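Notes follow the structure.
Naming convention: chains lettered A, B, ... in sequence-line order (proteins, then strands); numbering from 1 in each chain. All values reported here derive from a predicted model rather than from experimental measurement.
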Amino acid sequence: MTETLPPRTDRPARGLPTQWNPGEVEAVLYQRWVDAGYFEADPGSGRPPFCIVIPPPNVTGSLHLGHAMDHTLIDVLTRRRRMQGYDALWLPGMDHAGIATQNVVERRLAKDEGRSRHDLGREAFVERVWAWKAESGGTILGQMRRLGDGVDWSRERFTLDEGLSAAVQTVFKKMFDDGLVYRAERIINWCPRCRTALSDIEVDHSEDEGELVSIRYGEGEDAIVVATTRVETMLGDTGVAVHPDDERYAHLVGRGIELPVVGRTIPVVADAHVDPAFGTGAVKVTPAHDPNDFEIGRRHGLPMPSILDEGAVVSGSGTRFDGMDRFAAREAVREELRAQGRIVAEKRPYLHSVGHCSRCDTVIEPRLSLQWFVKVAPLARAAGDAVRDGRTTIHPKELEKRYFDWVDNMHDWTISRQLWWGHRIPVWYGPDGEVVCVGPDERPPSGEGWYQDEDVLDTWFSSGLWPISTLGWPRDTPDLRRYYPTSVLVTGYDILFFWVVRMMMFGLYVMDGAPPFTHVYLHGLIRDQHGRKMSKSRGNTIDPLELIDEYGADALRFTIARGSNPGADMALSTEWVAGSRNFTTKLWNASRFALGNGASAALPLPEQPTDADRWILGRLREVREQTDALLEDYQFAKATEGLYHFTWDEFCDWYLELAKAQLADEATADGTRAVLGHVLDALLKLLHPVIPFVTEVLWTALTGEESVVVTPWPVGAGAPADPAAAARVADVQRLVTEVRRFRTEQGIAGGRRVAARVEGLAAAGLGEAGPGGADAALRSLARLDAPGAGFAPTATVEVALSGGPVRVELDTSGAIDVAAERARLGRDLAAARKELEQADRKLGNPKFTEKAPADVVAGIRGRREAALVDIERVEGRLAALPAERQSS
RNA sequence: GGGCGCGUAGCUCAGCGGGAGAGCACUCGGCUUACACCCGAGCGGUCGCAGGUUCGAACCCUGCCGCGCCCACCA
């Protein structure tokens, strides 16, 4: 729902429309930036390099809020560095996302044409995926432009590009030669639906309901009871294992026992892996379908028949279950065992951990299979060491532990995938069992009987090379020399293991110990307004494009930055984005006011600034310093929040209001225009990295210059803090607030001017009348007129300021609401008494006065004094109130 | 089973040893010549529970309760 408000004023502010309309302007501005080449890096510039490589979005579809988070934070960092004079490069690109993309295209193919990839054949299918990539990739690039991503489009990369493919092939070859990749028959995770091997982290475990069935193997004295959650695997049992020290079974070790249903005799072996306290202390051993059993089988030389393939019992198992689906087989085998009286016990439901394919949720089948692996131990050790010795730092630091736990306990990485979309493994097999790995510039062996490996590499293999391959490796390019190691990696903590660790391993390996990035910043996940994970099935996802359409890209970016605390998830709702949109509107209107009143950044700052001037210039300096410190520490939320409050609560609510009086006085008008221009200029620059569009329009209107994108960061903006001036402004604020409160309690309309006499300003150290003085400020902000003829005060507002009491006598033109005033003063009195009581309690404790630091004690004493003064003042006012008239 | 983290205003979250905060929501006023996507004034919290340390604890320690996440070859 968009409301268009009628313009309330048509005073022109240097061509600025009365309303900020992001939808009309953003695309134009973005194209202008790109055309101007602002985002293009120049390794020969001589400026210090700053580089971030994008976490490449998958070409599976379109960007979601998680990407918007990556992009916002990266853009904030990059735009700021560019303004700080760095040769800033944000390198864009996309990931082919092997299995994910292949699945998407396969599903579409099935839905639209009722065909499988096998119907098309490898070559034609891969062509289809490329077509999809063109379409989906285009969508993503368009979305990045909508977000305002300041990326260097001339350096855009894709993981299946020629150059990146060469990098993949080169690394594979190097690792092959170094013995870091190997081909072996191991138990791997097989997804029967995707029909490919998966690495360990592509398997999600969940507690599922199943069954635990205890089966008696053997007869009589030789009988052993084993328990299993997967009855059907007993078809592939080749042994029963017991603990070596388990006396219950000692007599059976080494002997044969008959495997029911199948009828073959299998040995009882002693293996320390078995926990004698668990269940019966005896385990059935299915080496081809369980990682533990595989190890046991290996230690004892047991046969390893595969009895399940592609999710069904293999034909040729020699049983009547041949070809039966694995879950049907589970039931059928169980019933057969039951018929034979073999089932001793059953527990159902039985909760246990079951692996699922992270892509399609199908139950994973552990399977003995010939695959390619990366020997990770040396790589992982190097990855751990680089963080341990500080070559790379992880923010927030708490996530380091997770990183170490992972790299220090990593299993070998299964990298071959039985897919078609990806980098084909560059290995050729010869007729006599030759295995030849081929580099990118080498010709593969040809001739009778030679063929290339059918499989492709895990998509994370190429993503892991992203920071080096995108910069040109294996060629020795200026970019690589200039931007590697990259400055920061910004990504979600959820892909720490998938991606960050792999990049560390590869980067260190390929680049001789130079890590791929100096810092890693891990942000949290975006959740819905109640902190729940966003998911399509829950129906609580929000499309970033819809938010941009309704509120503007700046609003979305501001919301994300404002909610991003290191490592913590953030809840996002349209209300938050609307609030951010309101902020951009506020900034817009404040700028219009300033411009409409002749603000200029080119004017010299006043030689005799007012207190308000000194205060806001001092605050500006502090805010700039604070913003820098926070952003250096990746505290996006706090940095953004600080700018929000400075803009709204200080600049708009107070300085602009104070400026109105100053502008009306010739003595201060020019100075005020200069201060307004100066503060606005710096503020727009500080906000630009977060909200680039609106700040660009406003800043160019203010300065008439080309673009805020390439303007220097406002390091010297503002002035050193002036605590005395700031204290006087704080006093004025208190005064104004107290008078406003009185007016509200008395029901005096906000716009109505009230005649008033102000006493005690000079004595309180606030000066008297005069340009930029406290009196003028108070009268302007509290809407007080000078006492004219016939001034007849009906009420007094008295405020005890640090320098003394100030009395404001008001002529409300008639009797005041005594009850309301009594209530207001009563609340003040209660508060003051409570303060006094608290202070007395502390000061009455000798241990406190003895042990607490002197400044703390002094602070409490000060508060006690102030409370006493307050109480006296308020009691005086209460006593002076006229008697309440009796009313019903 | 191991590890990490979180429980603070109705909601989402900051604060992490010395006067309980923000945004949104809510109440009451208000077309106050930048802004009603606004302005002004308010209401709202035994800071999960119980102990302990300390002159002083939302903040440090211990235990408990509740929730979340990560890791793990629990047959």
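- Atom P of G7(B) sits at a distance of 14 Å from the matching atom of C61(B), rounded to the whole Å.
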Query raised in the report: What's the verdict on salt bridge (charged side-chain N to carboxylate O under 4.0 Å, His left out) for Glu837(A) and Lys834(A), showing C-alpha distance, side-chain angles and the deciding distance?
Result: CA-CA 5 Å; Glu837(A) 190 194 327; Lys834(A) 189 178 171 195; over 6 Å; no

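- Lys660(A) has a side-chain polar atom (N or O) that falls below the 4.0 Å cut-off from OP1 or OP2 of A34(B).
- Residue Leu212(A) is classed as having no contact, given no heavy-atom separation below 4.0 Å to the nucleic acid.
- Between C13(B) and G18(B), the two C1' atoms lie 24 Å apart (nearest whole Å).
- Taking the ring centre of Trp654(A) as origin, the terminal cationic atom of Arg740(A) falls inside the region bounded by 6.0 Å and 45° from the ring axis.
- The pairing partner recorded for G56(B) is none, the criterion being a Watson-Crick or G-U wobble arrangement whose two distances lie under 3.5 angstrom.
- Regarding contacts with the backbone of G42(B), a side-chain N or O of Arg741(A) is found under 4.0 angstrom from either OP1 or OP2.
- Spacing between atom CG of Asn565(A) and atom C1' of U12(B) amounts to 12 Å, rounded to whole angstrom units.
- In this structure C67(B) sits in a base pair with G5(B), meeting the Watson-Crick or G-U test at under 3.5 Å.
- Closest contact between the side chain of Phe497(A) and the listed nucleotides C70(B), C37(B), U12(B) involves C70(B).
- Using cut-offs of 30° and 60° for the angle between ring planes, the Tyr644(A) and Phe558(A) rings count as tilted.
- Remark: Arg562(A) engages Glu641(A) in a salt bridge, criterion side-chain N to carboxylate O under 4.0 Å.
- Atom name C1', nucleotides G44(B) and C24(B): the rounded distance is 14 Å, in whole Å.
- Residue order along RNA chain B, read from the 5' end via each residue's closest nucleotide, puts Gln635(A) first among Arg527(A) and Gln635(A).
- Within the nucleic acid shown, Asn409(A) has no heavy atom closer than 4.0 Å to any nucleic acid atom.
- In terms of position along RNA chain B, the nucleotide closest to Gln838(A) lies nearer the 5' end than the nucleotide closest to the other residue of the pair Glu745(A) and Gln838(A).
- Thr229(A) comes within 4.0 angstrom of the backbone, heavy atoms only, and of no base.
- Remark: A22(B) base-pairs with U12(B). Criterion, Watson-Crick or G-U wobble with two distances under 3.5 Å.
- Across the C1' atoms, A22(B) and C64(B) are found 32 Å apart, a figure rounded to whole Å.
- Pair check for U46(B) finds none; no Watson-Crick or G-U wobble contact set falls under 3.5 Å.
- Listed candidates were A22(B), C70(B), A75(B). Nearest to the side chain of Arg402(A) is C70(B).
- Phosphate contact (OP1/OP2 of C37(B), side-chain N/O of Arg581(A), threshold under 4.0 Å): absent.
- When the C1' atom is used for both A58(B) and G48(B), the distance is 12 Å, rounded to whole Å.
- Atom name C1', nucleotides C26(B) and A9(B): the rounded distance is 11 Å, in whole Å.
- Side-chain atoms of Lys586(A) and base atoms of C35(B) include a donor and an acceptor less than 3.5 Å apart.
- Residue Trp654(A) places none of its side-chain N or O atoms closer than 4.0 Å to OP1 or OP2 of C39(B).
- Residue side chain Glu738(A) does not reach the base of A41(B) through any donor-acceptor N/O pair under 3.5 Å, judged by distance alone.
- U62(B) and C67(B) have their P atoms separated by 22 Å, with the value rounded to a whole Å.
- Donor-acceptor pairing under 3.5 Å, judged by distance alone, is present between the side chain of Glu835(A) and the base of G19(B).
- Glu835(A) has a carboxylate O that lies under 4.0 Å from a charged side-chain N of Arg863(A), or vice versa, which qualifies the two as a salt bridge.
- When the C1' atom is compared between A75(B) and C60(B), the two are found 45 Å apart, to the nearest whole Å.
- Listed nucleotides: C4(B), A75(B), C37(B). Nearest to the side chain of Lys401(A): C4(B).
- Inspection of the Asp237(A) and Tyr217(A) side chains reveals an N or O donor paired with an N or O acceptor under 3.5 Å.
- At a cut-off of 3.5 angstrom, the base of C74(B) holds at least one donor-acceptor pair with the side chain of Glu207(A).
- The partner of G29(B) is C39(B), by the rule that a Watson-Crick or G-U pair needs both atom distances under 3.5 Å.
- Residues Gln529(A) and Ser573(A) bring no donor and acceptor atom of their side chains to less than 3.5 Å of each other.
- With hydrogens and angles left out, the side chain of His273(A) and the base of C73(B) share a donor-acceptor pair within 3.5 Å.
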